Trainee: 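This is the structure, below, for whatever I ask next.
When a ligand or atom number is given, it counts from 1 through the structure's own listing order. Bear in mind the structure is a predicted one, so any value in this text is a computation, not a measurement.
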Amino acid sequence: MPESLPQVAGALPSPQGFGVTRRGDPWWVTPTGVLVGLSVFVIYSTWAVFTHHGAEFGNYVSPIHVPVLFGDTPHAWFGPKPAVWPAFLPWAPGVFLFWAPAGLRLTCYYYRGSYYKAFWGSPASCTVGKPWNTYRGENSFPLILQNVHRYFLYIALVWIGLHLYYVGGATRFADPVTGEVSFGLGVGTVVMALNAVLLAGYTLGCHSLRHLAGGFLDRLSGRPLRRCAYECTSWFNLRHMGFAWASLVWVMVTDVYVRLCATGVVTDYRIL
Ligand code: FES
C-alpha cells in the first residue's frame with residue numbers, strides 16, 4: 001500500500017503557506033476591500049452608537065439609533081435614561097438594541113462568506129494557501145451559533161417598519177414661529193427614505209426569507225401568492241451583495257448627514 005495517494009497527472013499541488021498561490025490575477029483585491037470596508041463600518045458604528053449627542057436634528061433621527069427607547073431627547077419613547085442603569089456601564093440610547101441590526105449582518109450568509117475570507121484568510125480566495133489546514137465548518141462552537149440568522153431576520157423585518165416610522169417622522173416639520181407641525185420634505189427626509197429603501201432591499205433578499213417564501217416547496221404552481229413572494233425575494237436575493245454594501249454605506253452617510261445638520265455644518269434644504 002502506498003503511503004500517500006499518487007499525484008493525478010496535470011493536477012496542481014495544493015498551495016502551501018498563507019497567501020501562496022499560482023494565480024496571476026489580483027485575487028487579493030476583494031478580500032482586502034471587504035477587510036477595509038467592514039473595519040471602517042465596525043469602528044464608525046461603534047463610535048456612533050455610544051455618541052448619541054448630535055445623532056438627532058429636529059425631526060431627523062440617525063438610523064444607527066433607531067428606535068430611541070430611553071434618553072434625554074424628545075424622541076425617546078419611554079423617557080430619560082433608566083435610574084437603575086449601572087454607573088460603570090457606558091450609556092447611550094442605542095446600547096439597548098444595536099445588537100439587532102448588527103446580528104443580522106454578522107450572521108448574514110453573504111457577509112459570512114466575505115469576512116471569513118477577508119479576516120481569517122481560510123482561504124482568502126480559491127486556490128490560495130491558508131494560514132492553517134484545519135477545517136471544522138459551522139458544525140461546532142462557536143460558528144454553529146450562526147444558525148440563529150433566521151431569528152435576526154424576523155427582528156429585521158420589524159426594523160424595516162421602524163425605519164419607515166422614522167421616515168414618516170422626518171416628513172413632519174414644526175413651524176419655527178408658531179410651532180405648528182405640518183407635512184414637508186427636506187434633503188434629510190430623502191436621505192433617510194433612501195436608507196430605509198436600501199435596508200429593506202437588503203433584508204428582502206435574505207436567503208432565509210427566500211427559503212421561508214417557498215424554497216422548501218417541491219413546486220410553486222397553483223400557489224400564486226407563494227410564487228409571487230418567492231420570485232420577489234429571489235429578485236432581491238440575486239442583488240443581495242449590492243444591497244448589503246449600499247445599505248451599509250448609506251447608514252453611515254445618513255448618520256453623518258444628521259450629525260452635520262445638528263452641528264450646523266450643513267444646512268438642511270427644504271424641498272417642500
Ligand atoms: Fe444576508 Fe440573510 S442572508 S441577510
Trainee: Could you check W235, Y111, Y202 and say which one makes a ring pair (Phe, Tyr, Trp, His ring centres under 6.0 Å) with H240?
Mentor: Y202

Trainee: Which of the atoms of ligand 1 are close to H240, meaning less than 4.0 Å from one of its heavy atoms?
Mentor: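 Answer, ordered by atom number: 1 (Fe), 3 (S), 4 (S).
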
Trainee: Specify whether Y151 and Y154 have parallel, tilted or perpendicular ring planes, treating 30° as the upper limit for parallel and 60° as the lower limit for perpendicular.
Mentor: perpendicular

Trainee: Within a distance under 4.0 Å of any heavy atom of Y202, pick out the atoms of ligand 1 and give their elements.
Mentor: 1 (Fe), 4 (S)

Trainee: Taking backbone and side chain together, does H149 place any N/O/S atom at a distance below 2.8 Å from atom 2 (Fe) of ligand 1?
Mentor: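 H149 does place an N, O or S atom closer than 2.8 Å to atom 2 (Fe) of ligand 1.
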
Trainee: Any cation-pi pair here, R112 with Y109, using under 6.0 Å and within 45°?
Mentor: yes

Trainee: Is C206 close enough to atom 2 (Fe) of ligand 1 that one of its N, O or S atoms comes in under 2.8 Å?
Mentor: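 C206 does place an N, O or S atom closer than 2.8 Å to atom 2 (Fe) of ligand 1.
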
Trainee: Parallel, tilted or perpendicular: which fits the ring planes of W77 and Y166, with parallel below 30° and perpendicular above 60°?
Mentor: parallel

Trainee: Within the structure, is a non-hydrogen atom of F152 found at a distance of less than 4.0 Å from ligand 1?
Mentor: no

Trainee: Counting heavy atoms only, name the option from H207, R105, R150 that's nearest to atom 3 (S) of ligand 1.
Mentor: H207

Trainee: Can the ring centres of F96 and W85 be said to be less than 6.0 Å apart?
Mentor: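 Yes - the distance between ring centres of F96 and W85 falls below the 6.0 Å cut-off.
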
